[in-house]
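Take a look at the structure set out below.
Sequential numbering from 1 along the given sequence is applied to the chain's residues.
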Amino acid sequence: MRRTGRRPGARAAPRVADPAEPRRGGPQARARAARRDRGRRAARRRAPAALLRIADLLDVDCQDLLPELAGRLARALVAVAPDAPSAALDEPPVGHPARSAPETVEAPAPRGASAALLDAVQEHPALRIALFGALDALAAADPPAAARALTGSGLPVGMHTRFPHLRMCVTVPPAGDRLARFHELLRTAGVSPHADTSVLRTALGLVWDGVLPTGQEASLLLNELGSDLHQAAGTRNILIEAALAAPPDDPDVPALAVDLLRSFSTELRPDQRPALLLLEFAGLLGTSGEGENWVGHVLALRDGTTQPVPDGVLRRVSDALAERLLATSVPESELYALARSGEPQLLAAYERAARSSAVGDRLRVSPTYVATCYCAWTAWSGGDPAWDETCAALLTKVLRPIVKALPAEDVAAVEAALERARRGKLESFRAWNRPGALGRLAGRLSGRGRRAEQGPVYPGDVEPPSRGGRR
């Protein structure tokens with residue numbers, strides 16, 4: 001038996017690595033592996049064109065191989081990110097990239113096709129047609145991804161009048177007016193959307209990549225092309241979403257909602273219709289079509305669906321309702337409905353609108369409006385805690401500073417309006433507006449404020465009502 005020179009159970013001495021030898025899996029080894037992979041992928045991309053030349057020289061018919069080759073080339077051109085290493089030709093396409101608004105994310109530089117591929121496309125009409133057909137299908141499936149990869153690629157799409165989706169993605173017009181770009185893309189496609197509805201979907205995807213049309217844009221798209229075309233093209237929900245997800249300050253959304261309700265009366269989902277009706281009602285408030293029972297109508301539409309109404313829709317209709325309730329002429333029943341509802345979102349919108357500069361400016365110049373707001377914000381006290389809290393904040397933070405700064409003649413005009421408006425409101429206002437200690441002193445020195453000398457002084461800035469009223 002050959003002896004090993006090692007005691008039983010003894011371990012071999014660890015191998016001492018050569019300092020000059022790169023560590024396995026270290027940065028240098030990984031870099032070499034990456035270079036090898038890139039080289040292999042580049043060779044695989046060049047190989048098809050080279051093989052086609054060899055087949056031509058040998059007079060070998062390889063037409064049956066073109067569809068598979070064209071599909072692999074198309075996936076390599078479209079599926080690889082423009083600034084990423086080139087992928088193998090047989091790698092499957094990646095999923096749709098996350099879309100971002102073009103104004104916030106800078107688009108990467110376009111990826112150009114290799115010279116070998118362009119030469120093969122020019123020299124082989126059959127390959128060109130097969131490749132363009134494959135690219136056209138990928139462009140229709142994800143127009144923004146195709147445009148990011150193919151814009152500026154140099155593909156000779158002008159050699160054919162076919163392949164509308166590819167033509168649009170290769171020649172996307174520069175940034176500018178979006179509707180103008182949209183119509184330019186349809187002209188580039190060379191096919192009417194009425195003949196091929198899919199080009200409408202591609203053009204919309206290219207122009208409004210990651211964003212939605214504005215209310216005005218969506219209305220024009222709907223009215224110019226017609227509801228039947230959008231229905232057939234599958235772009236109906238883009239227009240509906242443009243209304244439901246619009247910012248609350250887009251003034252054209254209520255009109256868009258009216259158009260959508262008229263155009264897709266039978267196609268709307270149960271959760272879409274109430275939201276669009278709320279948007280329509282927001283535009284009707286303050287017009288002859290507002291009807292009655294405003295608060296009840298809003299709450300019934302909001303609660304009449306199993307799906308939550310989008311926040312932007314609720315914000316818009318709540319703000320519109322609040323502005324209407326702060327107008328000069330408001331039926332008392334509507335304001336009472338708000339007070340009785342105790343609805344947090346409606347009350348928050350009402351307080352927000354009452355604190356606005358528009359209401360403040362009006363209060364400073366209109367004593368009648370001051371009287372109107374005072375009557376509203378002191379009505380139905382004790383009915384609902386949320387209403388009471390809202391009114392207390394408005395009386396203290398909004399009305400009191402303005403009334404304190406009014407000239408004496410404007411305060412007299414407020415009192416005259418209150419005396420005409422409702423019995424008991426004049427005394428309530430005088431008690432609420434009675435000056436504090438400093439104000440009473442100034443009144444006595446100027447010969448005013450003799451009424452303030454009658455009766456005891458209570459703590460705080462409010463004295464008891466006159467004529468023995470309870471505090």
Side-chain angles (χ1 to χ4, degrees), residues 35-94 107-174 184-185 187-191 196 198-199 202 206:
R35 286 195 295 271
R36 285 196 300 270
D37 291 341
R38 287 196 296 271
R40 282 196 293 267
R41 287 194 291 266
R44 294 172 71 182
R45 285 198 310 278
R46 291 190 295 269
L51 290 174
L52 284 174
R53 292 193 183 94
I54 294 172
D56 287 343
L57 292 173
L58 298 176
D59 196 21
V60 175
D61 184 8
C62 57
Q63 295 297 317
D64 57 331
L65 302 178
L66 287 180
E68 180 183 356
L69 173 60
R72 293 170 60 192
L73 289 172
R75 293 195 300 271
L77 284 171
V78 173
V80 181
D83 53 354
S86 300
L89 291 179
D90 56 354
E91 289 180 356
V94 298
R111 171 188 174 90
S114 66
L117 176 59
L118 291 177
D119 289 343
V121 166
Q122 292 281 359
E123 297 171 6
H124 297 273
L127 173 63
R128 181 171 63 246
I129 292 173
L131 175 61
F132 284 6
L135 287 173
D136 193 64
L138 292 176
D142 192 343
R148 285 190 288 268
L150 300 178
T151 301
S153 61
L155 293 173
V157 295
M159 299 178 70
H160 297 274
T161 58
R162 299 159 54 190
F163 317 115
H165 308 282
L166 176 61
R167 293 166 65 87
M168 286 189 281
C169 289
V170 170
T171 57
V172 174
E184 179 63 26
L185 281 172
R187 286 190 290 270
T188 300
V191 178
D196 182 357
S198 63
V199 299
T202 297
L206 289 172

Query raised in the report: Side chains of His165 and Asp196: closer than 4.5 Å at any heavy-atom pair?
Result: yes
**Report entry** Check: Val170 and Thr151 side chains under 4.5 Å, non-hydrogen atoms
**Finding:** no
Report task. Only counting residues at least two apart or in another chain, list the ones meeting side chain to side chain contact (heavy atoms under 4.5 Å, CB included) with Gln122. Result -> Pro156, Met159
Query raised in the report: Listed by chain and number, what are the side chain to side chain contact (heavy atoms under 4.5 Å, CB included) partners of Thr171, not counting sequence neighbours?
Result: Thr188
Requested in this report: Might you work through the side-chain contact (heavy atoms from CB on, under 4.5 Å) test for Leu77 and Leu138, ending with a clear yes or no?
Outcome: CA-CA 10 Å; Leu77 284 171; Leu138 292 176; over 6 Å; no
Minimum heavy-atom separation for [X] to [Y], with atom names?
X	Y	answer
Leu206	Met168	CD1-CB, 3.8 Å
Ala139	Cys169	CB-SG, 3.6 Å
Ala147	Val172	CB-CG2, 3.9 Å

Side-chain donor-acceptor contacts of residues 125-134 below 3.5 Å, not counting sequence neighbours, with atom names and distances?
unit_1: Arg128; atom_1: NE; unit_2: His160; atom_2: NE2; d: 3.0
unit_1: Arg128; atom_1: NH1; unit_2: Val121; atom_2: O; d: 2.7

**Report entry** Separation of Leu73 CG from Leu135 CG (nearest 0.5 Å)
**Finding:** 8.5 Å
